[in-house]
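Have a look at the structure below before the remarks.
Residue numbers run from 1 in the order of the sequence given.
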Amino acid sequence: MDKKIKMQSPKIDNILEANTNIIEKILEDEIIEDVLVENLVIENIMGIRVRFNSCIFRNVIFENCDLRKIDMTDVIFENCNLSNINFSDSGIYRIAFENCKLTGTRFDESILKSVSFRKCLGKYSNFSFSKFKGVGIYESDFQGSIFQQVENSTLELEDVNLITSVFTGTSLMNVDFTTSNIDGIEVRISDMKGAIFTPFQGLELTKLMGIIIK
């Protein structure tokens, strides 16, 4: 049975303070809260512990930033470039990535709860050893991404490019791949139990079993 996930949307305060000195604020404060950040470049943020809470980042470019161990709750990223940013070992709760560039972005060893990716370019991103507690990926390109050894509670996919992505060691129970491109994915036979595929996808996956169909 197709198991629909229950996602919570980010809870954003009705009144957000526009902030143009966001880099200074990130470096000085432990929490960034109730702010709207637009049309800026945030760069060279390294080795800090910070929390983002009830924020919107719109048309923001993140460059050369290491944000590992960050805590993010109720945040929307719209039209942002987060490519190659390190979010590993982080807590990511009620977050929406909308039309964002996430090429090579690291989410490994993180907890992702009620996190959505919509119309995102996420090629070669890394989610290995993370915990998914309600993750949705929609109309996005995650070709070559790594979902290895993910503790998957609920993952929803709609129209996702997953060519050559890696799912080894991740339970795919109730995950529906029927609208996505899974050519060349790496997955173990045991991981596919309960996953949902089209007949054509199923035939392609029989190659993993060494079966020859004439």
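No more than 12 heavy atoms of other residues, nucleotides or ligands sit less than 6.0 Å from atom CD of Glu30. Other residues, nucleotides and ligands contribute only 12 or fewer heavy atoms inside 6.0 Å of the CD atom of Glu151.
Linking Ile, Leu, Val, Met, Phe, Trp and Tyr whenever their side-chain heavy atoms come within less than 4.5 Å puts Val115 and Val175 in one cluster. Placement of Ile111 and Phe87 in two distinct hydrophobic clusters is found when ILVMFWY residues are connected by side-chain heavy-atom separations under 4.5 Å, directly or transitively. When hydrophobic clusters are built by joining Ile, Leu, Val, Met, Phe, Trp and Tyr residues whose side-chain heavy atoms come closer than 4.5 Å, directly or via intermediates, Tyr124 is not grouped with Phe62. Residues Ile26 and Val41 do not share a hydrophobic cluster, defined by chaining ILVMFWY side chains whose heavy atoms lie under 4.5 Å apart. Linking Ile, Leu, Val, Met, Phe, Trp and Tyr residues whenever their side-chain heavy atoms come within less than 4.5 Å leaves Ile189 and Val166 in two separate clusters.
Not one N or O on the side chain of Ser130 forms a donor-acceptor pair closer than 3.5 Å with the backbone of Leu112. Panel note: side chain Thr105, backbone Leu82; a donor-acceptor pair is recorded below 3.5 Å. Here the side chain of Thr170 pairs a donor or acceptor atom with the backbone of Val150 at under 3.5 angstrom. With hydrogens and angles ignored, the 3.5 Å screen pairs a side-chain donor or acceptor of Arg49 with a backbone N or O of Lys69. At least one donor-acceptor pair under 3.5 Å links the side chain of Asn152 to the backbone N or O of Ser171. Looking at Ser110, its side chain does come within 3.5 Å of a backbone N or O of Asp89 through a donor-acceptor pair. When atom types are taken as modelled, the side chain of Gln201 and the backbone of Ser180 share a donor-acceptor pair closer than 3.5 angstrom. A side-chain donor-acceptor contact under 3.5 Å links Ser54 to the backbone of Asp13.
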Stepwise side chain to side chain contact (heavy atoms under 4.5 Å, CB included) check, Ile23 with Ile45: CA-CA 8 Å; Ile23 295 179; Ile45 302 295; 3.8 Å; yes
Stepwise side chain to side chain contact (heavy atoms under 4.5 Å, CB included) check, Glu139 with Arg118: CA-CA 6 Å; Glu139 302 175 83; Arg118 191 174 297 276; 4.1 Å; yes
From CA spacing to verdict: side chain to side chain contact (heavy atoms under 4.5 Å, CB included), Ser88, Arg68: CA-CA 5 Å; Ser88 63; Arg68 71 184 71 190; 3.6 Å; yes
Thr103 and Leu121: CA distance, side-chain angles, deciding distance, side chain to side chain contact (heavy atoms under 4.5 Å, CB included) verdict: CA-CA 6 Å; Thr103 303; Leu121 180 61; 3.9 Å; yes
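Between Met46 and Cys65, the shortest heavy-atom distance links the atoms CE-N, 4.4 Å. Contact detail for Lys25 and Ile32: the closest heavy-atom pair is CG-CD1, 3.5 Å. Residues Ser125 and Phe142 share a closest heavy-atom pair of OG-CD2, 3.3 Å. Minimum interatomic distance between Thr73 and Arg94 (heavy atoms only, all atoms of both residues): CG2-NH2, 3.6 Å. In this structure, Val50 and Asp29 approach most closely via the heavy-atom pair CG2-O, 4.0 Å. The two residues Ser140 and Ile137 come nearest to each other via the heavy atoms CB-CG2, 3.9 Å.
Checked against ring pair (Phe, Tyr, Trp, His ring centres under 6.0 Å), Phe132 has the following partners two or more places apart in sequence or in another chain: Phe127.
Atom CG of Asn53 and atom CD of Glu33 lie 4.5 Å apart (nearest 0.5 Å). For the atom pair CD (Glu28) and CD1 (Ile48), the distance works out to 11.0 Å, reported to the nearest 0.5 Å. Here the CG-CD1 distance, from Asp183 to Ile163, works out to 5.5 Å after rounding to the nearest 0.5 Å. Put simply, CD1 on Ile42 and CD on Glu63 are 11.0 Å apart, with the number rounded to the nearest 0.5 Å. With rounding to the nearest 0.5 Å, the separation of CG in Leu172 from OG in Ser190 is 9.5 Å. Between the CZ atom of Arg106 and the CG atom of Asn84 there is a distance of 10.5 Å, given to the nearest 0.5 Å.
The only member of Val37, Ile31, Ile70, Ile95 that meets side-chain contact (heavy atoms from CB on, under 4.5 Å) when paired with Phe52 is Ile70. Screening Asn79, Val60, Asn59, Ile61 against Asn39 for a side-chain contact (heavy atoms from CB on, under 4.5 Å) leaves a single residue, Asn59.
Considering only heavy atoms from C-beta on, Asp191 stays 4.5 Å or farther from Phe167 through its side chain. Contact check for Lys119 versus Glu98: no side-chain heavy atoms found under the 4.5 Å cut-off. Glu156 is not listed as a side-chain neighbour of Asp176, based on a closest heavy-atom distance of 4.5 Å or more. Residues Leu40 and Phe57 form no side-chain contact, since every pair of their non-hydrogen atoms from C-beta on lies 4.5 Å or further apart. Looking only at side-chain heavy atoms (C-beta outward), Leu205 and Ile182 come within less than 4.5 Å of each other.
Ion pair Asp74/Lys11 not flagged as a salt bridge, since none of the NZ, NE, NH1 or NH2 atoms sits closer than 4.0 Å to an Asp/Glu carboxylate oxygen.
Ring-plane geometry between Phe117 and Phe107 is classed as perpendicular, the angle between the planes exceeding 60 degrees on a 0 to 90 degree scale with a lower cut at 30.
Through direct or indirect side-chain contacts shorter than 4.5 Å among Ile, Leu, Val, Met, Phe, Trp and Tyr, Ile56 is connected to Ile12, Leu16, Leu36, Ile76.
For the residue pair Tyr93 / Gln8, no side-chain donor-acceptor distance below 3.5 Å is found, with atom types taken as modelled.
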